[in-house]
Amino acid sequence: MRGAEERAALAEENADWKPGADRRLRLLGTYVALSLRPAAGAWERCAGTAEAEQLLQAFLDRDAAEGPRPLLVVRPGPGGLAVRPGLEVRPESGPAGAKGLFFLRTGPEPPGPDSFRGAVVCGDLPAAPLEHLAVLFSEVVLPVLANEKNRLNWPHMVCEDVRRHAHSLQCDLSVILEQVKGRTLLPLPAGSEKMEFVDSKSETVLDSIDKSVIYAIESAVIKWSYQVQVVLKRESSQPLLQGENPTPKVELEFWKSRYEDLQYIYNQLRTIKVRGMAKLLDKLQSSYFPAFKAMYRDVVAGEDQQVFSQVCLTQITVE
């Protein structure tokens, strides 16, 4: 059922409709006006450009029986509105923090001229979708899943499987968000919150730790080692291999960014939780403890190399 505001806007748009014009464009414009509230005439000017016309017709008329469902994104732009055929990692233009609007075809048949019901899904698109998803997941989805009242009739295995997948998704989101900032996050395994209170000298505490937690810690060491090696193997010569001609400033920025990333990794390895995990692996004589020590040494050695490289490059640049 449409709201009163939407019905009024649709009635106003249809009153101005001219014979021969595509009424579906009017419908799109109505949703844009209700959600983004652009200046008067902004949608007409946007939809009238050659690029927008091509995108709009492809979205409205394309047969979607095969392939991905057609997607259309409308965002505020410097000159009014901008139409895009899909999501962008970061909008290149437009007001900072301004939301957008997406339209997604839900069926293979093109939508009709009178209504998009059942044919097109429309919704707000945050300015930073990934950050929005991470906050939504951590503050809404996870608390709902953690509430025991919501899973009274779930089998234990289902609860554990959902918990494991939810934790994995949360870690992946956190890692990607840090990658966007140029930093490497080492995601903590499930059960690591107990590591702050682990006394490696106490046999009773060690016996009380679930084997699944130990397995998660050992799996995390493998993943961390891979992440650290990716950072250490980065070369400043990559722009040259891509045909670019980097300046000394680019070289300095590379080594500075690499050093900051290694420092960020080092600080994570020195936290109480991670040190507790290392003590636990050592006490259990885990075969993954030598891998942890080797990873730690590589990070420290990489930091020392970074400092030396930066000093040499700074001297060369000054001279």
Any side-chain heavy atom of [X] within less than 4.5 Å of one from [Y]?
X: V74; Y: L125; result: no
X: V73; Y: L101; result: no
X: P187; Y: H167; result: no
X: L281; Y: K293; result: no
X: K283; Y: K279; result: no
X: M295; Y: L269; result: yes

Problem set entry | Exceeds 12 heavy-atom contacts within 6.0 angstrom, atom CD of Q57 | yes

If hydrophobic clusters are built from ILVMFWY residues whose side chains come within less than 4.5 Å, do [X] and [Y] share one?
X: L169; Y: V141; result: yes
X: M277; Y: Y296; result: yes
X: V175; Y: V231; result: no
X: I222; Y: I217; result: no
X: V274; Y: V300; result: yes

So which atom in [X] and which in [Y] form the shortest heavy-atom distance, rounded to 0.1 Å?
X: L232; Y: R258; result: O-NH2, 2.6 Å
X: N150; Y: V144; result: ND2-O, 2.8 Å
X: F103; Y: C122; result: CE2-SG, 3.6 Å
X: L27; Y: G112; result: CD1-O, 4.5 Å
X: A47; Y: A52; result: CA-CB, 4.1 Å
X: P290; Y: S286; result: CD-O, 3.6 Å

For this session: Report the C-alpha separation of R24 and D61 in whole Å, then their side-chain angles, then the decisive distance to 0.1 Å, and conclude whether the side-chain contact (heavy atoms from CB on, under 4.5 Å) test is met.
Result: CA-CA 10 Å; R24 297 174 301 177; D61 297 331; 2.5 Å; yes

Keeping [X] on the side-chain end and [Y] on the backbone end, is there a donor-acceptor pair under 3.5 Å?
X: S225; Y: V221; value: yes
X: R105; Y: F59; value: yes
X: W43; Y: T30; value: no
X: S138; Y: A134; value: yes

For this session: Assign the ring pair F292 / W224 to parallel, tilted or perpendicular, where the plane angle (0 to 90°) is split at 30° and 60°.
Result: tilted

If you round to the nearest 0.5 Å, how far is [atom2] of [Y] from [atom1] of [X]?
X: L177; Y: L130; atom1: CG; atom2: CG; value: 4.5 Å
X: C46; Y: E53; atom1: SG; atom2: CD; value: 10.5 Å
X: D114; Y: R26; atom1: CG; atom2: CZ; value: 14.5 Å
X: T49; Y: Q54; atom1: OG1; atom2: CD; value: 10.0 Å
X: K273; Y: L188; atom1: NZ; atom2: CG; value: 6.0 Å
X: L55; Y: L71; atom1: CG; atom2: CG; value: 11.0 Å

For this session: Could you walk me through whether L60 and L72 pass the side-chain contact (heavy atoms from CB on, under 4.5 Å) test, one step at a time?
Result: CA-CA 10 Å; L60 293 171; L72 192 72; over 6 Å; no

Problem set entry | Sequence-distant partners of D261, side chain to side chain donor-acceptor pair (under 3.5 Å), two or more places apart | T184, R234

Exercise. Tell me the salt bridge (Lys or Arg N to Asp or Glu O under 4.0 Å) pairs involving residues 151-168, sequence neighbours left out?
Worked result: E160-R163, D161-R164

For this session: Run the numbers on V158 and V162 for side-chain contact (heavy atoms from CB on, under 4.5 Å), then give the verdict.
Result: CA-CA 6 Å; V158 173; V162 170; 4.2 Å; yes

For this session: Could you tell me which residues satisfy side-chain contact (heavy atoms from CB on, under 4.5 Å) with E178, sequence neighbours excluded, listed by chain and number?
Result: K181, R183, L185, Y264

